[in-house]
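Step one of this worksheet: look at the structure below.
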Amino acid sequence: MIRYFVDSNPSSQYVRRVAKVFDNNGSGVRGDLKAVIEAVLRDREADKPGGDHGHLREPVLFSLALLRSLDGQVLEANILQWWTYKMGQWVFRPPTVCNDFHLLHGGFHGAHGSVEGPEFQIHTYTNAMERVDFVYRVARNQMGTGVSIDLSTFYALTDDPAALLALAEDTLLQALLTDTERTSILTAINDVSPGNQQRGVEYAIYLVATSSRYQVQH
């Protein structure tokens, strides 16, 4: 549960604290899943910063999180399943009972030795580019049948690139951009011709949502 909801590389102490809650929810009850989920999400390591913490958003969660953040409207008849399939995850049709990827996939070298990265098993070069295309379509409100995004609040700030980027930052990110990242994205937005409002909004959303800071959830 820790790996699915919070961190692909939880410490043994984190696992131990959650296991204790599974054994006893504080009222002598064993196996209280509500208490276990609360323990997972409220643990002091749940929002621990650092490159070896967090997990890559799997395609379904990545696409839904982006649309929800931007107040996307999704009708019953839509093509989102096709998008997630192109990104490597076919909803309701995982290849095994263990989902689309193995929870122990990884063995990447991190700052603290070998680290796991389950979601990276389906994050191929092709699927990574499909993610970029998905964000591009969202930023242009060109998602196709059954999906629309209202970007009016972003368009209202096109004359103030710093405010536009701040809105994208506040809307999409948990941890704010570094000064270097912010300067780089602002430079790109400022390079857009002054009269092209649509392009400025596209750049702000696209460059934030395709960054590792957004795609890897901490």
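Starting from 1, each residue takes its place in the sequence as its number.
Under a hydrophobic clustering in which Ile, Leu, Val, Met, Phe, Trp and Tyr are joined whenever their side-chain heavy atoms come within less than 4.5 Å, directly or via other members, Met129 and Val138 fall into different clusters. Neither Leu64 nor Leu75 shares a network with the other; the hydrophobic side chains, linked directly or stepwise wherever heavy atoms of I, L, V, M, F, W or Y lie under 4.5 Å apart, form separate groups for each. One hydrophobic cluster holds both Leu41 and Val15 under the rule that ILVMFWY side chains link at heavy-atom gaps under 4.5 Å. Under the 4.5 Å side-chain heavy-atom criterion for grouping Ile, Leu, Val, Met, Phe, Trp and Tyr, Leu33 is connected to Val18 within one hydrophobic cluster. No continuous path of ILVMFWY side-chain contacts below 4.5 Å connects Trp90 to Leu61, so the two sit in separate hydrophobic clusters.
Under 4.0 Å is where a charged nitrogen must lie from a carboxylate oxygen, and between Asp179 and Arg182 at least one such pair does.
Not counting sequence neighbours, the partners of Arg17 by the side-chain hydrogen bond (donor to acceptor under 3.5 Å, both in side chains) test are Asp43, Glu45.
Atom CG of Leu207 is separated from atom CD of Glu181 by 11.5 Å, given to the nearest 0.5 angstrom. In this structure, OG1 on Thr158 lies 14.0 Å from CZ on Arg199, to the nearest 0.5 angstrom. Rounding to the nearest 0.5 Å gives a distance of 6.0 Å between CG of Asn141 and CG of Leu151. Remark: Ser69 OG to Ile149 CD1 distance equals 12.0 Å, nearest 0.5 Å. If you take CG on Leu176 and CG on Asp170, they are separated by 6.5 Å, rounding to the nearest 0.5 Å. Between atom CG of residue Leu80 and atom CE of residue Met143 there is a gap of 5.5 Å, rounded to the nearest 0.5 Å.
Summarising the geometry of Ser63 relative to Thr84, their closest heavy-atom pair is OG-CG2, 3.5 Å, with the distance given to 0.1 Å. Across all their heavy atoms, Ala168 and Ala204 have their closest contact at CB-O, 3.9 Å. Of all heavy-atom pairs spanning Val21 and Ala39, the tightest one is CG2-CB, 3.8 Å. Nearest approach of Asp133 to Lys86, heavy atoms of both residues: OD2-NZ, 4.4 Å. Nearest heavy-atom pair across Ala209 and Leu172 is CB-CD1, 4.2 Å. Counting all heavy atoms, side chain and backbone alike, Leu167 lies closest to Thr171 at O-OG1, 2.6 Å.
A donor-acceptor contact shorter than 3.5 Å is absent between the side chain of Tyr14 and the backbone of Arg44. No donor-acceptor pair closer than 3.5 Å links the side chain of Gln215 to the backbone N or O of Arg57.
In this structure the side chain of Leu165 reaches within 4.5 angstrom of the side chain of Leu177, judged on heavy atoms. By the 4.5 Å heavy-atom criterion applied to side chains, Leu66 and Phe134 are counted as neighbours. At least one side-chain heavy atom of Met1 sits under 4.5 Å from a side-chain heavy atom of Ile37. Looking only at side-chain heavy atoms (C-beta outward), Leu173 and Arg213 come within less than 4.5 Å of each other. Residues Asn78 and Trp83 form no side-chain contact, since every pair of their non-hydrogen atoms from C-beta on lies 4.5 Å or further apart. Counting heavy atoms from C-beta outward, Asp160 and Leu164 have side chains that stay 4.5 Å or more apart. Inter-residue side-chain proximity for Leu56 and His123 is flagged as met; some heavy-atom pair is nearer than 4.5 Å.
When the shell of 6.0 Å around OH of Tyr203 is examined, it contains 12 or fewer heavy atoms from other residues, nucleotides or ligands.
The aromatic rings of Tyr136 and Tyr206 stand perpendicular to each other, their planes meeting at an angle above 60°, with 30° marking the opposite boundary.
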